[in-house]
Amino acid sequence: MRRLTKDEIASYRLRLGSWLPLDDVDAIMAEVGDQTQMFAVAQGGLKFWRETWIAMSCAQLMHARRLKLGDDPPDFWLDFGRQQQAFEIVQVMPRDYRPGVIYGQYAADLTSKGSTELVERSFDQVGIDLENLPNDLAAQLRAKCAKKYDSDLILIVDLLHDVILEADSGVVLGMVRVTRPALNTFREVWLRRGNAIVRVTEESVSLVTNPLPG
């Protein structure tokens, strides 16, 4: 487990900035992940890896053929064969949750002691997180919309709250209500968590999932 050098980061980022089949992207992701492990989340320069992770999730769920990172904006592109679509990412997380700090501590512990203690949010804290989710989501959407992006972009909302995306659940319906005003700025908004996306458009709301193996 190690941090990548600036030159290594630049090289990987350059490779992912060209159109690649998903299998090739997956191979690069695995190569970086095997070397960096906890630093994949903790190292600031590996933001490109974290964005590619989100992009790959969307590509697989939506059956894209190829992927490439963008120039921010957009954060990434997907090629669906007849159409190439640009995407922007925003992350929504509990206000006191800092994954980079947490994984940085994991990395430090593993390097110095060979073991670490995982940080877990309590049941009560998860409940508070979900109560705050609509406000956390609204705040990030307002900030993103204020930047006046190209209206043809699709916004990916990467949810770090402990929420399950299910059709017609109260939490999901609440998020959709909060999300709709962002359609004045973005072509669509996709709420992403794990192996599911809630796709919000002017015309409809749909749930796309890839069930985990039983």
Side-chain angles (χ1 to χ4, degrees), residues 1-61 64 66-79 86-122 125-126 129 136 139-140 143-144 147 149 153 155-163 190 192-195 197 212:
M1 178 174 59
R2 65 180 183 87
R3 294 178 182 271
L4 294 190
T5 67
K6 289 183 179 180
D7 287 346
E8 288 173 322
I9 289 171
S11 176
Y12 282 120
R13 179 64 179 77
L14 181 63
R15 289 167 65 186
L16 290 167
S18 298
W19 284 114
L20 294 171
L22 300 191
D23 285 347
D24 291 354
V25 176
D26 187 59
I28 294 173
M29 292 288 288
E31 185 177 327
V32 173
D34 287 345
Q35 295 178 74
T36 60
Q37 298 181 40
M38 297 297 180
F39 286 122
V41 178
Q43 185 175 355
L46 293 180
K47 180 183 177 184
F48 79 89
W49 188 93
R50 298 186 288 274
E51 290 180 341
T52 305
W53 179 278
I54 295 168
M56 275 290 284
S57 171
C58 295
Q60 290 167 341
L61 281 166
R66 297 187 299 166
L67 179 159
K68 72 173 181 177
L69 294 183
D71 297 322
D72 190 23
D75 286 322
F76 68 92
W77 291 80
L78 295 182
D79 179 7
F87 295 82
E88 186 69 15
I89 299 170
V90 63
Q91 282 196 316
V92 177
M93 66 185 73
R95 296 169 202 181
D96 62 344
Y97 180 60
R98 296 292 180 269
V101 173
I102 293 170
Y103 279 79
Q105 187 60 55
Y106 291 163
D109 288 346
L110 289 170
T111 300
S112 63
K113 301 183 297 185
S115 63
T116 190
E117 184 175 345
L118 298 181
V119 175
E120 295 185 2
R121 299 179 79 78
S122 68
Q125 187 59 61
V126 169
D129 292 344
D136 294 340
Q140 293 300 322
K144 208 68 174 173
K147 296 182 179 181
Y149 289 97
L153 283 174
L155 180 65
I156 304 299
V157 179
D158 187 47
L159 299 164
L160 299 187
H161 293 67
D162 191 6
V163 59
W190 296 2
R192 176 202 169 274
R193 169 73 178 176
N195 64 328
I197 286 175
L212 296 173

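Remember, predicted model here, so these are calculated numbers, not experimental data.
Applying the salt bridge (Lys or Arg N to Asp or Glu O under 4.0 Å) test to every pair with at least one member in residues 89-101, sequence neighbours left out, gives these pairs: Arg95-Asp136, Asp96-Arg121. Note on residues 2-51: pairs passing ring-ring contact (aromatic ring centres under 6.0 Å, His included), not counting sequence neighbours, are Trp49-Trp53. For residues 31-60, every residue pair satisfying the salt bridge (Lys or Arg N to Asp or Glu O under 4.0 Å) rule, not counting sequence neighbours, is listed here: Lys47-Glu51.
Here Arg15 pairs with nothing under the side-chain hydrogen bond (donor to acceptor under 3.5 Å, both in side chains) rule; sequence neighbours left out. Asp75 pairs by the salt bridge (charged side-chain N to carboxylate O under 4.0 Å, His left out) definition with nothing, not counting sequence neighbours. In terms of the salt bridge (charged side-chain N to carboxylate O under 4.0 Å, His left out) criterion, residue partners of Lys144 (sequence neighbours excluded) are, by chain and number, Glu88. Residues passing the side-chain hydrogen bond (donor to acceptor under 3.5 Å, both in side chains) test with Gln60: none are found, sequence neighbours excluded. For the side-chain hydrogen bond (donor to acceptor under 3.5 Å, both in side chains) test, residues two or more places apart in sequence or in another chain that qualify with Thr116 are Asp109. With sequence neighbours excluded, the residues that form a side-chain contact (heavy atoms from CB on, under 4.5 Å) with Val25 are Leu16, Leu20, Met29, Thr52, Met56, Leu67. Applying the salt bridge (charged side-chain N to carboxylate O under 4.0 Å, His left out) test to Arg3 and every residue at least two apart in sequence or in another chain returns nothing. For Asp26, the salt bridge (charged side-chain N to carboxylate O under 4.0 Å, His left out) criterion is met by no residue, not counting sequence neighbours. Listed by chain and number, the residues in a side-chain hydrogen bond (donor to acceptor under 3.5 Å, both in side chains) with Asp23 amount to none (sequence neighbours excluded).
Note that the CG atom of Leu22 and the CG atom of Asp79 stand 9.5 Å from one another [nearest 0.5 Å]. Note that the CZ atom of Arg193 and the OG atom of Ser57 stand 11.0 Å from one another [nearest 0.5 Å].
With a 4.5 Å cut-off on side-chain heavy atoms, Leu69 and Trp77 do not count as touching. Ile156 places none of its side-chain heavy atoms less than 4.5 Å from the side chain of Val90. Residues Gln140 and Gln91 are not in side-chain contact: their nearest non-hydrogen atoms beyond the backbone lie 4.5 Å or more apart.
Closest approach of Cys58 to Arg192, counting heavy atoms only: SG-CD, 4.3 Å. Across Pro74 and Leu153, no two heavy atoms sit closer than the pair CB-CD2, 3.6 Å. Minimum heavy-atom separation, Leu78 to Ala59: CD2-CB, 3.7 Å. In terms of heavy atoms, Arg2 sits closest to Glu8 at NH2-OE2, 2.8 Å.
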Practice task
Could you go through the side chain to side chain contact (heavy atoms under 4.5 Å, CB included) check for Thr36 and Leu4 one step at a time?
Solution key: CA-CA 7 Å; Thr36 60; Leu4 294 190; 3.6 Å; yes
Handout entry: Criterion side chain to side chain contact (heavy atoms under 4.5 Å, CB included) on Val157 and Trp190, from CA distance to verdict
Key = CA-CA 6 Å; Val157 179; Trp190 296 2; over 6 Å; no
Handout entry: Working for side chain to side chain contact (heavy atoms under 4.5 Å, CB included), residues Leu46 and Val32
Key = CA-CA 9 Å; Leu46 293 180; Val32 173; 4.3 Å; yes
Handout entry: Intermediate values then yes/no, side chain to side chain contact (heavy atoms under 4.5 Å, CB included), Leu155 and Tyr149
Key = CA-CA 10 Å; Leu155 180 65; Tyr149 289 97; over 6 Å; no
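With hydrogens and angles ignored, the 3.5 Å screen pairs no side-chain donor or acceptor of Gln43 with any backbone N or O of Ala40.
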